There are 2 protein chains.
Amino acid sequence: MPQLRIAAAQVNTRVGDLAGNADLIVEWTRKAAEQGAHLVVFPEMALTGYPVEDLAFRESFTAASKRTLTELATRVADAGCGAVAVYVGYLDADDVGPRNAAAVLYEGEVVATQFKHHLPNYGVFDERRYYKPGQTLDIVRLHGVEIGMVICEDLWQDGGPITALGQAGVDLVVSPNASPYERNKDDQRLPLVARRAAEAGAPLVYVNLIGGQDELVFDGDSMAVSIDGALLTRAPQFVEHLMMMDMSLPGGASREAGQFGEFAVRRVRLSDEPVPEYQPLPMPPAAEPLPEEAEVWFALVTGLRDYVHKNGFRSVTFGMSGGIDSAVVAALAADALGGSSVYGVSMPSAYSSEHSKDDAADLARRIGAHYSVQPIGEMVEVFVEQLGLTGLAEENVQARCRGVTLMGLSNQHGHLVLATGNKTELAVGYSTIYGDAVGGFAPIKDVPKTLVWQLARWRNAEAEKLGDVPPIPENSITKPPSAELRPGQLDADSLPDYELLDDILDDYVEGDKGYSDLLAQGFAAEVVDKVLRMVDLAEYKRRQYPPGTKISVKGFGRDRRLPITNGWREGH
Amino acid sequence: MPQLRIAAAQVNTRVGDLAGNADLIVEWTRKAAEQGAHLVVFPEMALTGYPVEDLAFRESFTAASKRTLTELATRVADAGCGAVAVYVGYLDADDVGPRNAAAVLYEGEVVATQFKHHLPNYGVFDERRYYKPGQTLDIVRLHGVEIGMVICEDLWQDGGPITALGQAGVDLVVSPNASPYERNKDDQRLPLVARRAAEAGAPLVYVNLIGGQDELVFDGDSMAVSIDGALLTRAPQFVEHLMMMDMSLPGGASREAGQFGEFAVRRVRLSDEPVPEYQPLPMPPAAEPLPEEAEVWFALVTGLRDYVHKNGFRSVTFGMSGGIDSAVVAALAADALGGSSVYGVSMPSAYSSEHSKDDAADLARRIGAHYSVQPIGEMVEVFVEQLGLTGLAEENVQARCRGVTLMGLSNQHGHLVLATGNKTELAVGYSTIYGDAVGGFAPIKDVPKTLVWQLARWRNAEAEKLGDVPPIPENSITKPPSAELRPGQLDADSLPDYELLDDILDDYVEGDKGYSDLLAQGFAAEVVDKVLRMVDLAEYKRRQYPPGTKISVKGFGRDRRLPITNGWREGH
């Protein structure tokens with residue numbers, strides 16, 4: 001049987017950066033070629049990054065994508081890799097409209113191009129806004145092996161492109177993907193890929209993006225399965241990785257082209273001659289999917305690192321209050337950027353406890369961060385006295401003086417400000433707009449409070465396993481949470497117990513349950529009333545919140561879209 | 001020929017407020033019945049408001065919509081209006097998914113229901129995210145007249161529901177709509193409605209929503225056209241209005257039901273007997289579409305008024321700087337809410353000129369607004385000295401102290417804060433995040449600077465025509481614009497001339513033109529470079545900007561979606 005050495009290039013692209021992404025593709029193609037690859041597969045829209053959103057409507061951008069693709073074919077050949085078939089996703093456009101496309105580059109030419117057929121338009125996806133579906137499939141013949149391609153969501157469609165490839169006949173299917181990470185998404189990819197391989201009657205190589213892009217984070221988890229659905233190998237999550245696979249494939253004569261269902265199948269002949277027989281490398285061992293906390297942690301670290309770097313920042317600053325939220329943000333930032341790029345600021349007021357300042361200083365020492373103290377008493381006093389502020393207005397002005405302080409330091413020194421709020425407080429609006437909600441990025445905005453504690457304990461335990469200093473002071477984990485905006489204030493004065501609160505929020509926000517469903521589940525009406533009212537009224541604050549890495553089905557970013565002016569109130 | 005008296009109810013609904021919208025529908029049906037209507041047509045999704053966005057996914061909400069519809073049928077009959085056929089849009093859901101639906105209520109029952117077929121998924125519309133398309137058309141026979149219905153975008157589809165209705169045979173078509181206002185949208189509705197009436201072979205009654213919903217504003221402009229496309233009558237824009245029309249229609253025997261193209265046509269027989277012959281009222285005179293500035297002004301006033309009231313506020317506050325932007329916002333707010341609901345705050349710094357304070361006080365007097373002065377010198381000094389701020393950091397802290405002041409007053413007194421920035425400065429990022437960008441609503445965020453001046457002159461001229469005091473001080477219109485954040489600062493130091501800037505922005509943002517297109521149009525490369533760089537870098541600020549009424553094809557709200565982490569830079 002003809003042999004092929006296949007490279008899956010699990011890379012980290014940047015939206016819009018055609019030049020940078022093209023460089024990346026040349027570099028990884030060269031690496032693959034050096035290791036003897038006959039073909040290399042990049043993720044969905046690798047040349048443009050994913051998702052390009054409304055850039056798809058800009059003619060100068062689509063033209064640049066197409067031009068860069070052609071130039072890339074030449075560059076790959078000039079780099080001595082012309083004999084490697086390169087599968088590269090890009091943005092195309094024709095008379096019908098923009099297209100989510102993938103091409104095959106070979107011997108300096110773009111030899112095949114295919115448009116995504118099944119366009120997802122749910123959750124974080126808006127592809128029907130942007131793209132027109134394709135109805136052709138290019139099966140490429142390389143060294144006597146017939147190779148079909150399906151782009152991302154096309155894999156998920158029953159009776160779609162995979163069925164057509166199966167009917168037409170292929171020896172191998174490759175699939176470029178941009179599939180975002182989601183917490184608690186059971187492993188849906190492997191069973192799906194396995195089933196589709198059987199339907200196509202061929203092994204399937206699934207290549208996914210890694211890295212953060214605004215609120216999305218892609219976890220990689222590229223994999224290959226055999227024709228009978230057995231996992232051949234699997235790439236590690238959240239790192240760039242070149243996965244090399246030797247396969248022996250049926251080959252034989254090229255088969256029929258023509259119409260299969262709604263798809264026009266074309267056959268593109270690159271080379272008939274099988275590669276000379278060689279000793280295959282053993283299949284690389286399959287990486288184990290990460291355990292739960294590790295997976296979330298690396299998703300958050302990756303999302304934060306890429307947001308900071310891809311936006312051209314080198315350092316971050318935020319309020320270090322001694323509490324658990326800012327401690328976890330600090331540990332994430334130190335893991336993402338190194339402690340020396342982290343600038344913690346303690347901003348005590350008259351209501352700040354001694355332990356707050358001590359815990360903050362302890363945290364900074366543990367992670368090797370810069371640390372400074374900026375008391376806010378004098379600033380607050382001017383506002384309170386001049387404007388005659390009392391009660392909630394006085395509480396908020398403290399948080400806002402901290403926001404102005406951080407932004408002043410950001411403007412003066414060039415750090416990106418991080419907002420340290422968690423998903424639970426964001427859900428119920430337990431934060432001050434233009435106060436603690438200030439920042440360019442909110443690393444834990446999609447992390448419920450109970451998970452914040454769980455991650456802190458996990459991260460400390462990991463450090464202990466390695467004999468390192470646990471980054472988070474124990475006291476920050478164990479003390480009762482408080483905003484410290486008035487004497488003796490505790491979160492528990494205003495909010496239900498966090499375990500209960502997160503349970504209700506999970507059902508209401510992620511599960512789309514209604515008031516009576518929640519009562520039927522046994523939650524007390526009084527608590528449900530209170531929580532739902534808080535959530536319904538906080539929509540505006542959430543709209544104004546900085547972006548943050550999305551790890552759930554329904555966070556509060558663009559993936560959940562609710563009117564602000566909203567007369568619907570669940571059960572009250 | 002059988003006669004019918006048809007009422008088009010151009011009403012203002014509120015998203016999610018099923019009880020309030022149901023009350024409104026009963027009230028307007030009663031009004032229509034009192035004037036002898038045989039049928040009354042409400043806008044698209046009148047029962048739920050439009051757009052409901054992700055509320056469509058909440059089962060408790062879809063269930064409540066369906067239940068409220070059934071109850072509404074009973075309530076209409078109990079109100080003595082059971083003999084009026086009521087066309088009411090609502091949210092339905094079945095095993096297939098949520099549906100953008102419209103029903104006919106008659107004699108206490110829901111007698112017909114139809115789902116929207118053609119789901120728009122561009123610009124501000126995301127209907128493919130929410131709804132599944134319908135493929136049935138209910139033709140209702142009322143007093144011997146066969147009445148078909150198409151829901152909003154179904155009107156725009158060639159070979160769609162209108163074609164099927166034309167083939168099946170109808171005497172009248174009614175169309176509930178939720179079509180947002182857009183500036184400079186040439187009159188597309190009338191020619192379209194006229195063409196569709198001819199295709200359907202029947203007069204067409206087009207009923208549109210009015211009112212503000214978050215960033216959208218609906219202008220009404222309901223109309224009726226005859227079978228030969230002649231305009232019969234047209235409702236005024238931006239006001240609730242009941243348009244009563246007497247028509248003589250062919251009638252005759254009920255025609256075929258069954259499949260027409262992809263549509264299953266059902267015939268629903270309510271009554272065969274024509275109404276006793278009566279003397280028809282003359283068709284009401286067609287309202288003239290408003291002239292350009294008036295149309296924009298009323299759109300902005302409507303959007304602001306509804307945002308404030310539908311969110312439960314009664315008063316607004318904002319910085320009155322003496323400049324043109326805050327003066328126009330003040331005039332809009334006074335027109336929307338009355339001068340006594342407007343609280344202007346002058347917040348002078350060391351760099352504020354005397355004329356700024358004088359012009360602000362003059363403005364407040366002219367519009368009858370509350371006015372107070374809160375100098376920011378002392379607050380700014382604390383931040384600048386404690387944090388050692390210089391340059392841009394010092395400029396920004398002034399704007400932020402104003403933001404904290406306004407939010408403090410808002411928290412203390414319950415006013416909604418308005419941000420006074422215009423579209424031009426938002427486009428190029430010429431504003432301070434958490435500073436002058438603070439606010440719950442930004443009335444002129446979609447108004448380019450040159451249009452701000454044009455509106456100011458127009459509004460003053462209108463006042464003079466009526467012998468009223470022009471609201472805006474002449475000096476605010478004529479003086480050179482300045483942020484007054486450093487001595488002698490002028491906008492012209494940082495930005496190109498506003499006429500030139502707005503021309504480039506219009507091509508780049510609204511027209512999606514690229515760098516070389518702009519050069520080809522004759523703009524200087526140096527200016528284009530500078531402007532495009534500013535626009536590309538300001539995406540984050542725009543994301544964090546408060547919502548504001550959308551009057552253009554591409555503002556900066558949810559209708560234009562761009563990545564923040566964006567490596568694409570036009571031409572530089």
Side-chain angles (χ1 to χ4, degrees), chain A residues 14-18 20 49 52-55 57-61 121-122 128-129 213-214 307 310-311 374 378-379 382-383 386-390 392-393 396-397 400-401 403-405 407-409 411-412 434 438 440 512 514-517 540 544 547 560-568 570, chain B residues 14-18 20 49 52-55 57-61 121-122 128-129 213-214 307 310-311 374 378-379 382-383 386-390 392-393 396-397 400-401 403-405 407-409 411-412 434 438 440 512 514-517 540 544 547 560-568 570:
Chain A
R14 178 171 175 232
V15 159
D17 186 7
L18 296 169
V52 300
E53 303 193 74
D54 279 15
L55 283 177
F57 297 142
R58 193 170 284 278
E59 273 177 39
S60 54
F61 185 65
N121 206 81
Y122 58 85
R128 293 202 185 179
R129 176 181 173 87
Q213 175 63 45
D214 296 356
Y307 193 88
K310 290 182 182 179
N311 279 306
Q374 292 291 355
E378 208 182 331
M379 304 154 179
V382 179
F383 284 101
Q386 181 174 325
L387 304 175
L389 304 181
T390 57
L392 189 67
N396 281 337
V397 92
R400 293 196 180 113
C401 283
V404 174
T405 298
M407 289 304 296
L409 295 172
N411 287 161
Q412 192 72 35
Y434 316 125
V438 156
D512 262 332
Y515 181 78
S516 46
D517 304 315
Y540 179 80
Q544 301 298 308
R560 191 163 185 264
R561 303 174 190 167
L562 285 169
I564 301 170
T565 308
N566 177 6
W568 175 246
E570 275 286 346
Chain B
R14 179 174 174 228
V15 159
D17 187 7
L18 296 170
V52 299
E53 304 193 73
D54 279 14
L55 282 178
F57 298 142
R58 191 169 285 279
E59 274 178 39
S60 54
F61 185 65
N121 207 80
Y122 58 86
R128 293 202 186 179
R129 175 179 172 89
Q213 175 63 46
D214 296 357
Y307 193 88
K310 289 181 182 179
N311 278 306
Q374 292 290 355
E378 209 182 330
M379 306 154 178
V382 179
F383 283 101
Q386 181 173 326
L387 304 176
L389 304 181
T390 57
L392 189 66
N396 281 336
V397 92
R400 293 195 179 112
C401 284
V404 174
T405 298
M407 288 305 294
L409 296 172
N411 287 163
Q412 192 73 35
Y434 316 125
V438 156
D512 262 332
Y515 181 77
S516 46
D517 304 316
Y540 179 79
Q544 301 298 308
R560 191 161 184 265
R561 301 173 190 168
L562 286 170
I564 302 171
T565 308
N566 178 6
W568 174 246
E570 275 286 347

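Everything numeric in this text was worked out from a predicted model, so none of it was measured. Lettering follows sequence order; numbering is per chain, from 1.
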Could you check whether any side-chain N or O of A/Gln412 sits under 3.5 Å from a backbone N or O of B/Thr390, counting only pairs where one atom can act as donor and the other as acceptor? yes
Closest heavy-atom contact between B/Leu55 and A/Leu562? N-CD2, 3.7 Å
From the list B/Ser516, B/Gly408, B/Ala393, B/Gly514, the residue making the most non-hydrogen contacts under 4.5 Å with chain A is B/Ala393
Partner chain B: residue of A/Val397, A/Asn566, A/Asp512 with the largest heavy-atom pair count (under 4.5 Å): A/Asp512
Under a plain distance cut-off of 3.5 Å, with no hydrogens placed, do A/Gln386 and B/Gln374 share a side-chain donor-acceptor pair? yes
Taking salt bridge (charged side-chain N to carboxylate O under 4.0 Å, His left out) as the definition, give me every residue that meets it alongside A/Asp517, ordered by chain and number, with sequence neighbours left out. none
Could you tell me the separation between the CE atom of A/Met407 and the CZ atom of B/Phe383, rounded to the nearest 0.5 Å? 12.5 Å
Kindly give the heavy-atom pair with the smallest separation between A/Asn121 and B/Arg128, and that separation in Å. ND2-C, 3.6 Å
Which heavy-atom pair separates A/Tyr540 from B/Pro547 by the least distance, and what is that distance? CE1-CD, 3.6 Å
Of all heavy-atom pairs between A/Arg129 and B/Tyr122, which one has the smallest distance, and what is that distance? NH1-C, 3.9 Å
Check: A/Val52 and B/Trp568 side chains under 4.5 Å, non-hydrogen atoms: no
Who among B/Val438, B/Leu392, B/Leu409 has the most heavy-atom pairs with chain A under 4.5 Å? B/Val438
A/Glu378 side, atom CD; B/Glu378 side, atom CD - distance, nearest 0.5 Å: 9.0 Å
Most contacts with chain B, counted as non-hydrogen pairs under 4.5 angstrom, among A/Lys310, A/Arg58, A/Arg400: A/Arg58
Closest contact, heavy atoms only, A/Val15 versus B/Pro563: CG1-CG, 3.4 Å
Go through the steps for A/Thr405 and B/Leu387 under the test side chain to side chain contact (heavy atoms under 4.5 Å, CB included), then give the verdict. CA-CA 7 Å; A/Thr405 298; B/Leu387 304 176; 3.7 Å; yes
Salt bridge flag under 4.0 Å for residues A/Asp54 and B/Arg561: no
Can any side-chain N or O of A/Asp214 pair as donor or acceptor with the backbone N or O of B/Thr565 at less than 3.5 Å? yes
Measuring heavy-atom distances to chain B, does A/Leu18 have an atom under 4.5 Å in its side chain, in its backbone, in both, or in neither? side chain
